[in-house]
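Working notes for the structure below.
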Amino acid sequence: MRLHSLPVRALGLLLALSQPAGAQTAPVVPPAPEPAPIQSDEARLLPVLATRGMVSSQDALATRVGVEILGKGGNAVDAAVAVGFALAVTLPRAGNLGGGGFMMVHRAAARETVAIDYRETAPAAATADMFLNPQGEPDRAASTRTGKAVGVPGTVRGLAEAHRRYGSGKLTLADLIAPAEKLARAGIPVESGLADSLPRASGLLGQWPSSRAVFFEGDHVLPRGATLTQRDLADTLRTIAEQGPDAFYQGPIADKIAAAVRGAGGIMTAADLAAYRPEIRTPVRGTYRGYEIVSMPPPSSGGVHLIEILNILEGYDLAGMGAGSARALHTLAEAMKPAYADRATWLGDPSRTKVPVAGLTAKSYAATLREKIDPERAKSAAEVKAGDPLPYESDQTTHFSVVDAEGNAVSNTYTLNFSYGIGLVAEGTGVLLNNEMDDFSAKSGARNAYGLVGGEANAVAPSARPLSSMTPTFVFRDGKLFLVTGSPGGSRIITTTLQVIVNVLDFRMNLAQAVAAPRIHHQWQPDVLMAEEGISPDTLALLRAKGHNVKVGATSGSANSVMAEDGLLAGASDPRQRGTLAEGR
């Protein structure tokens, strides 16, 4: 949309949000290319504007599928479902049919927000000690690289349930799957993020003949410029379109998936697939500086700890400290630590353990944590323990955001866990399988592949859902949708989502700047403050002087987001990944 055609007030709010007097300008130097370069085009620091709908995702082809569905009269849920199926084709390292995730849905007319939990579940034969070696220690390979690592996929039923409950009624599920089937059958170019990820996954994919048949050309993965054709996946998509989601969970497709898992040493059966159902849950809610935060409840830890950290930060004048300043980053890091300590102790599948959500998200509990923060000194991990919220009771992944012209919205995060999951394509289906079982605690106090410490609340159990950090989130102002955000990034998902919100609400960045600004992350253990490149060396030196063990390294997440203001929509795709796109109508 042409900028000169937009109302001045909306432009001022969406494009050039001014910072409070005395605050510093946030550094927007792009992080280093790890694993893919952040795009340096200055235009990426301005959001895309539209009035009739917006889609922001990690892949341009999938984004355009969503915009096409909006143009056909579909609502935000229709578009999101189509994007979800399309990403299974265009972003195979994270988009999926063989994984699971969480979808937040806001229905504007009903003034209702719901959470759809389509997280994977453990097979019925799962046991608490299934990932321990004979010495009683965690066997990391078993929980990440074998068939035992595969949880029962939830994506197909989850997307279909979203469409059934909350779609516009104008488009069938087959209509929403058709673009994905077309892309799979005709083939897509190997470029951008796909071209970056395939060489890094060559060893993982190359160990399975069924995966080599899809992603290899001779002895090497498909090179940049080649065409990735996925005919088996296209056939699976067509079958789901014609017969509905039951065709994925019962019959030949389910039998092939179960056979592939068991052939790789796993325990999943066709009966596990037939038994899978998504759950409709009540979102967690909090407030921050007058805005309402609505996010994913357990078995995601994301919403609970996002609100917990924001509650701690609300007691500080972050704007006065200045975006990107050592004081602000120190405060953010110190607020993150106790939340991750609480995560290790209190969070798990709510059907299996009592999660003290009200206590963890209480303002009064945050006040007790805030009192323990020293503004001049970083606390070591050994000094930070899980708190007692009870008195206050009353991993690779991809995220996309969609808003339609009526104000309906979807914030969706789903995953295979690692990039390409275990790397195994179920023979004859085209479906890549997840390694989500690693998100359970193999042993209390042990760390998973992301370094996150787990406790008894997240132990492996039959049909249980593993704890997640996925944080699809809405922000409301005066009851109206203001921001749709979330991110992939394993343990960094919560802090990535947090910093997008803080950058917008505290530091008054426009949405594109808020998404692109360098980020930090501290998860309590390991005791490391991870920082992206782009943060001032002087600031890093000041953080080290306060006692932080700073490590500058990999980029964090892909926070594809949409903002709504004064009848306009602003979209921002994260420049940390190649091929991302925000596009509107």
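The first residue of the sequence shown is numbered 1, and numbering continues consecutively from there.
Considering only heavy atoms from C-beta on, Val355 stays 4.5 Å or farther from Asp349 through its side chain. The shortest side-chain heavy-atom distance between Pro298 and Val304 falls under the 4.5 Å cut-off. In this structure, Phe85 and Leu173 have side chains that are in contact, with non-hydrogen atoms separated by less than 4.5 Å. Between Leu183 and Thr90, the closest side-chain pair of non-hydrogen atoms falls below 4.5 Å. No side-chain heavy atom of Leu569 sits under 4.5 Å from any side-chain heavy atom of Thr51. Counting only heavy atoms from C-beta outward, the side chains of Met437 and Val150 never approach each other to under 4.5 Å. Considering only heavy atoms from C-beta on, Ile116 stays 4.5 Å or farther from Phe102 through its side chain. For the pair Asp59 and Val83, the minimum side-chain heavy-atom distance is 4.5 Å or more.
A salt bridge does not link Arg224 to Glu191: none of the charged side-chain nitrogens sits closer than 4.0 Å to a carboxylate oxygen. Taking the charged nitrogens against the carboxylate oxygens, Arg576 and Glu532 do have a contact shorter than 4.0 Å, which makes a salt bridge. For Glu583 and Arg64, the salt-bridge test passes: some basic side-chain N is under 4.0 Å from an acidic carboxylate O. Taking the charged nitrogens against the carboxylate oxygens, Asp78 and Lys170 have no contact shorter than 4.0 Å, which rules out a salt bridge. Using a 4.0 Å cut-off between charged nitrogen and carboxylate oxygen, Glu565 and Arg477 count as a salt-bridge pair. With respect to Arg519 and Asp574, a salt bridge is recorded, a charged nitrogen being found less than 4.0 Å from a carboxylate O.
Interatomic distance, OH of Tyr414 versus NE2 of His399, reported as 12.0 Å (0.5 Å rounding). A distance of 8.0 Å separates CZ of Phe215 from CG of Leu194, quoted to the nearest 0.5 Å. To the nearest 0.5 angstrom, Leu424 atom CG is 5.0 Å from Leu433 atom CG. If you take CZ on Arg585 and CD on Glu68, they are separated by 11.0 Å, rounding to the nearest 0.5 Å. To the nearest 0.5 Å, the span separating CD on Gln499 from CZ on Arg492 amounts to 10.5 Å. Note: Ile309 CD1 to Ile501 CD1 = 10.5 Å, rounded to the nearest 0.5 Å.
Across every non-hydrogen atom of Ala409 and Leu481, the tightest pair is CB-CD2, 3.5 Å. When all heavy atoms of Leu70 and Gly53 are compared, the pair lying nearest together is CD1-CA, 4.0 Å. Of all non-hydrogen atoms in Ala79 and Gly66, the two that sit nearest each other are CB-O, 3.5 Å. Scanning all heavy atoms of the two residues, the minimum distance from Ser202 to Val221 falls at CB-CG1, 3.6 Å. Across all their heavy atoms, Ala512 and Ala572 have their closest contact at CA-CB, 3.8 Å. Across all non-hydrogen atoms, the minimal contact from Ser168 to Gly73 is OG-O, 4.0 Å.
Between the side chains of Ser300 and Arg119, no donor N or O sits under 3.5 Å from an acceptor N or O. One side chain, Tyr420 or Ser197, offers a donor N or O that lies under 3.5 Å from an acceptor on the other. Side-chain atoms of Ser558 and Gln577 form no donor-acceptor pair, as typed in the model, at a separation below 3.5 Å. If you check the side chains of Ser143 and Asp438, you find a donor sitting under 3.5 Å from an acceptor. Defined by atom type and a distance below 3.5 Å, a donor-acceptor pair is missing between the side-chain atoms of Thr121 and Arg465. Side-chain contact annotation: Ser491 with Gln523, donor-acceptor N/O pair under 3.5 Å present. For the residue pair Asn96 / Thr155, a side-chain donor-acceptor distance below 3.5 Å is found, with atom types taken as modelled. A donor and an acceptor atom, one from each side chain of Thr485 and Ser561, are located under 3.5 Å apart.
Side chain of Tyr166 to backbone of Glu161: no donor-acceptor contact under 3.5 angstrom is found. Arg200 contributes a side-chain N or O that, together with a main-chain N or O of Asp196, makes up a donor-acceptor pair within less than 3.5 Å. The backbone N or O of Asp246 lies less than 3.5 Å from no partner atom in the side chain of Gln250, so there is not a single donor-acceptor pair. Of the possible donor and acceptor atoms, one in the side chain of Asp272 sits under 3.5 Å from a partner among the backbone N and O of Ala124. At distances below 3.5 Å, at least one donor-acceptor pair connects side-chain atoms of Asn503 with backbone N or O atoms of Ala514. Between the side chain of Ser411 and the backbone N or O of Thr473 there is at least one donor-acceptor pair closer than 3.5 Å. For the pair Ser469 (side chain) and Ile493 (backbone), a donor-acceptor distance under 3.5 Å is absent. Between the side chain of Asn435 and the backbone N or O of Thr144, at least one donor-acceptor pair lies under 3.5 Å. A donor-acceptor contact shorter than 3.5 Å links the side chain of Ser211 to the backbone of Val425. Between the Ser487 side chain and the Gly557 main chain, no donor and acceptor come within less than 3.5 Å of each other.
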message: Under the criterion side chain to side chain contact (heavy atoms under 4.5 Å, CB included), I'd like the reasoning laid out for Met296 against Val284: C-alpha separation, chi angles, the key distance, then a yes or no.
response: CA-CA 6 Å; Met296 195 70 205; Val284 292; over 6 Å; no
- request: Dump the intermediate steps for side chain to side chain contact (heavy atoms under 4.5 Å, CB included) on His305 and Leu347, then the final yes or no.
  value: CA-CA 10 Å; His305 296 306; Leu347 269 290; 3.2 Å; yes
task: Start with the C-alpha distance between Asn434 and Thr415, add both sets of side-chain angles, then the distance that settles side chain to side chain contact (heavy atoms under 4.5 Å, CB included), and finish with yes or no.
output: CA-CA 8 Å; Asn434 69 80; Thr415 186; over 6 Å; no
task: In sequence, state the C-alpha distance, the side-chain angles, and the governing distance for Arg277 and Asp117, and then conclude on salt bridge (charged side-chain N to carboxylate O under 4.0 Å, His left out).
output: CA-CA 9 Å; Arg277 296 293 185 275; Asp117 170 3; over 6 Å; no
message: Run Leu467 and Arg343 through side chain to side chain contact (heavy atoms under 4.5 Å, CB included) and show every step you take.
response: CA-CA 9 Å; Leu467 188 59; Arg343 182 189 190 278; 3.7 Å; yes
task: Kindly indicate, with the supporting measurements, whether the criterion salt bridge (charged side-chain N to carboxylate O under 4.0 Å, His left out) is fulfilled by Asp235 and Arg185.
output: CA-CA 8 Å; Asp235 289 343; Arg185 200 172 299 283; 3.0 Å; yes
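Remark: aromatic rings of His106 and Phe476 are close, center separation under 6.0 Å.
With Gln58 as the partner, the side chain to side chain donor-acceptor pair (under 3.5 Å) test is satisfied by one option alone out of Thr580, Thr398, Thr397: Thr398. Just one residue in the list Leu159, Val402, Leu171 forms a side-chain contact (heavy atoms from CB on, under 4.5 Å) with Val81, and that residue is Leu159.
Between Tyr291 and Phe482, the ring-plane angle classifies as tilted under the 30° and 60° cut-offs.
For the pair Arg157 and Phe248, the cation does not sit on the ring face, since its NZ or CZ is not both under 6.0 Å from the ring centre and inside 45° of the axis.
Environment of CD in Glu292: crowded, with over 12 heavy atoms of neighbouring residues, nucleotides or ligands closer than 6.0 Å.
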